[in-house]
Number of protein chains: 2
Amino acid sequence: MNNACSQHAHPHRLVQQPLTELTDRLRAGSRKVTGQREAILDVLRRHASPLTNREIHAALGKNDCDLATIYRNMHTLTSMGLVKRFDFGDGAARFELLTDASDHHHHHLVCNQCSAIVEIEDCFPTEYEEALAKRHGFTAVTHRLEFFGTCPRCQKSTAAVDPTIARPS
Amino acid sequence: MNNACSQHAHPHRLVQQPLTELTDRLRAGSRKVTGQREAILDVLRRHASPLTNREIHAALGKNDCDLATIYRNMHTLTSMGLVKRFDFGDGAARFELLTDASDHHHHHLVCNQCSAIVEIEDCFPTEYEEALAKRHGFTAVTHRLEFFGTCPRCQKSTAAVDPTIARPS
DNA sequence: TCGCCTGCTGCAATCGGTTTGCAGCCTGAT
DNA sequence: ATCAGGCTGCAAACCGATTGCAGCAGGCGA
């Protein structure tokens with residue numbers, strides 16, 4: 001139960017890339033490392049938590065770029081290996097850039113009330129995932145795993161919210 | 001690695017309910033078991049896979065009800081314990097009704113290409129989740145876990161799709 | 001150097017899932 | 001019978017995301 005995760009063992013999946021490899025891949029594919037893309041990556045590098053398109057847009061200064069172009073650039077960067085996450089409960093995609101060269105796979109623990117995000121090293125065990133894939137005849141099996149709960153601060157400050165509308169399935 | 005899942009052990013979370021308990025709860029809360037709600041639950045009961053609001057709407061016959069009312073009713077039913085799932089990769093919520101009285105928790109394995117859904121019994125181990133919660137000071141921790149891959153049929157019929165846009169994070 | 005091709009960008013429109021305001025209806029309690 | 005509250009249909013709006021279009025910029029060959 002550590003960061004040994006099948007998502008990284010599978011040959012079909014691009015390994016999450018630090019900044020320099022992303023820009024190298026852009027160049028290798030006759031795409032350009034434009035100022036906006038550099039700025040996007042810089043914003044991601046300076047933030048510990050994954051950011052939404054809107055948050056990136058705001059961080060760049062709303063006047064300097066178009067939100068639609070951010071969406072397009074995030075799509076491009078994702079195809080270069082940037083990690084896109086969908087699993088924070090609000091339906092918005094988030095993007096995450098690793099700043100060191102290590103293959104630092106992780107999941108997240110999200111506070112149901114204040115949306116605080118904590119990085120988690122726990123992961124679904126590879127051997128179980130492989131057995132699962134074999135059992136059902138699937139290949140290229142990956143998973144999404146996110147945790148939700150009440151963070152220490154919200155435990156103190158808030159009465160319990162209605163548990164029936166908790167987001168995790 | 002079975003269906004022992006912390007989501008059910010936690011006292012704050014409503015246990016997933018079969019049809020009769022949902023209707024009982026409606027009545028207990030001075031809500032009504034209207035014809036439309038009965039029809040919705042009947043549709044869910046007859047389908048093995050979780051359904052979206054639109055699918056339920058279509059199954060009911062588009063002329064007989066309003067989509068907005070379906071959304072409202074699904075919200076109501078969810079607050080009564082019906083299980084709502086967000087994790088099938090297309091951004092649409094899905095609803096699931098258990099037809100037997102057993103506490104039959106499960107997750108899903110979704111085909112990236114044809115969206116086929118397979119119920120699976122594997123779950124993130126409770127003891128790890130509890131340790132995780134304690135380690136970070138969170139309470140009421142639950143999780144979302146979904147698996148994605150290529151189903152046997154799509155392995156035969158389709159060339160590999162671009163792995164860089166695979167949906168799981 | 002001149003075009004030309006390709007990719008990038010801003011703008012506006014659009015789409016799909018979801019929510020909400022409003023008015024009318026039905027039902028159960030007083 | 002009356003009244004309040006919940007339910008419903010309709011229309012509009014919201015939000016994340018995508019797309020068509022036109023203009024622009026940079027690289028490359030003639």
Side-chain angles (χ1 to χ4, degrees), chain A residues 22-41 43 50-80 82 84-95 115 162 165 167 169, chain B residues 22-41 43 50-80 82 84-95 115 162 165 167 169:
Chain A
L22 286 177
T23 54
D24 287 350
R25 284 193 183 174
L26 281 172
R27 279 184 270 259
S30 79
R31 320 299 293 273
K32 292 165 192 169
V33 184
T34 63
Q36 189 174 113
R37 287 178 184 163
E38 279 185 331
I40 288 171
L41 292 172
V43 165
L51 297 180
T52 64
N53 287 283
R54 265 211 153 61
E55 288 165 346
I56 294 167
H57 186 224
L60 289 180
K62 295 181 197 297
N63 302 325
D64 298 343
C65 59
D66 186 72
L67 184 56
T69 307
I70 304 263
Y71 275 96
R72 271 187 284 238
N73 277 331
M74 298 323 289
H75 184 81
T76 300
L77 290 170
T78 301
S79 74
M80 300 289 149
L82 184 70
K84 182 177 186 178
R85 295 180 172 271
F86 295 77
D87 309 321
F88 295 84
D90 59 358
R94 281 176 169 76
F95 300 89
S115 295
D162 182 356
I165 56 170
R167 293 168 301 181
S169 54
Chain B
L22 286 177
T23 54
D24 287 350
R25 285 191 182 174
L26 281 172
R27 279 184 270 260
S30 80
R31 322 298 294 274
K32 291 164 194 169
V33 184
T34 64
Q36 189 174 116
R37 285 179 185 162
E38 280 185 331
I40 288 171
L41 292 172
V43 165
L51 298 179
T52 65
N53 287 284
R54 265 210 154 62
E55 289 164 345
I56 294 168
H57 186 224
L60 289 180
K62 296 181 197 297
N63 302 325
D64 299 343
C65 59
D66 187 73
L67 184 55
T69 308
I70 305 264
Y71 275 94
R72 272 187 283 236
N73 276 331
M74 299 323 289
H75 184 81
T76 301
L77 290 170
T78 300
S79 75
M80 299 291 149
L82 183 70
K84 183 178 185 179
R85 295 178 173 271
F86 295 76
D87 310 321
F88 295 84
D90 60 358
R94 279 176 172 75
F95 301 90
S115 295
D162 183 358
I165 57 171
R167 293 169 301 182
S169 55

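All chains are named by letter (A, B, ...) in the order of the sequence lines, taking the proteins before the strands, and each is independently numbered beginning at 1.
Remark: P of dG17(C) and CD1 of Ile56(B) are 13 Å apart, rounded to the nearest angstrom. In this structure, Lys32(B) places its NZ atom 12 Å from P of dG5(D), rounding to the nearest Å. For the pair Met80(B) CE and dG6(D) P, the computed distance is 11 Å after rounding to whole Å. Taking atom NE2 of residue His57(B) and atom P of nucleotide dT8(D), one finds them 13 Å apart after rounding to whole Å. We find that CD of Gln36(B) is positioned 13 Å from C1' of dG6(D), with the value rounded to whole Å. Protein atom CG of Asn73(B) is 14 Å distant from nucleotide atom C1' of dT19(C), rounded to whole Å. Between the C1' atom of dT9(C) and the CZ atom of Arg37(A) lies a distance of 10 Å, rounded to the nearest Å. For the pair Ile40(A) CD1 and dT9(C) C1', the interatomic distance rounds to 12 Å; values are reported in whole Å.
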With the criterion being N/O to N/O and under 3.5 Å, what pairs connect the protein with nucleotides 16-23 of chain D, and how long is each?
from    : atom 1 : to       : atom 2 : distance (Å)
dG16(D) : OP2    : Arg54(A) : NH1    : 2.7
dA17(D) : OP1    : Ala93(A) : N      : 2.7
dA17(D) : OP2    : Asn53(A) : ND2    : 3.3
dA17(D) : OP2    : Tyr71(A) : OH     : 2.9
dG20(D) : O6     : Arg72(A) : NH1    : 3.2

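Checked against salt bridge (charged side-chain N to carboxylate O under 4.0 Å, His left out), Arg37(B) has no partners two or more places apart in sequence or in another chain. Arg31(A) is linked by a salt bridge (charged side-chain N to carboxylate O under 4.0 Å, His left out) to nothing, counting only residues two or more places apart in sequence or in another chain. Under the side-chain contact (heavy atoms from CB on, under 4.5 Å) criterion, Ala39(A) pairs with Leu60(A), not counting sequence neighbours. In this view, Ala92(B) and Thr52(B), Asp90(B), Arg94(B) satisfy the side-chain contact (heavy atoms from CB on, under 4.5 Å) rule, not counting sequence neighbours.
Within the 4.0 Å cut-off from OP1 or OP2 of dG28(C), not a single side-chain nitrogen or oxygen of Ser30(B) is found.
Note: Arg25(B) CZ to Thr76(B) OG1 = 14.0 Å, rounded to the nearest 0.5 Å.
Closest of all the heavy-atom pairs between Leu22(B) and Leu77(B) is CD2-O, 4.1 Å.
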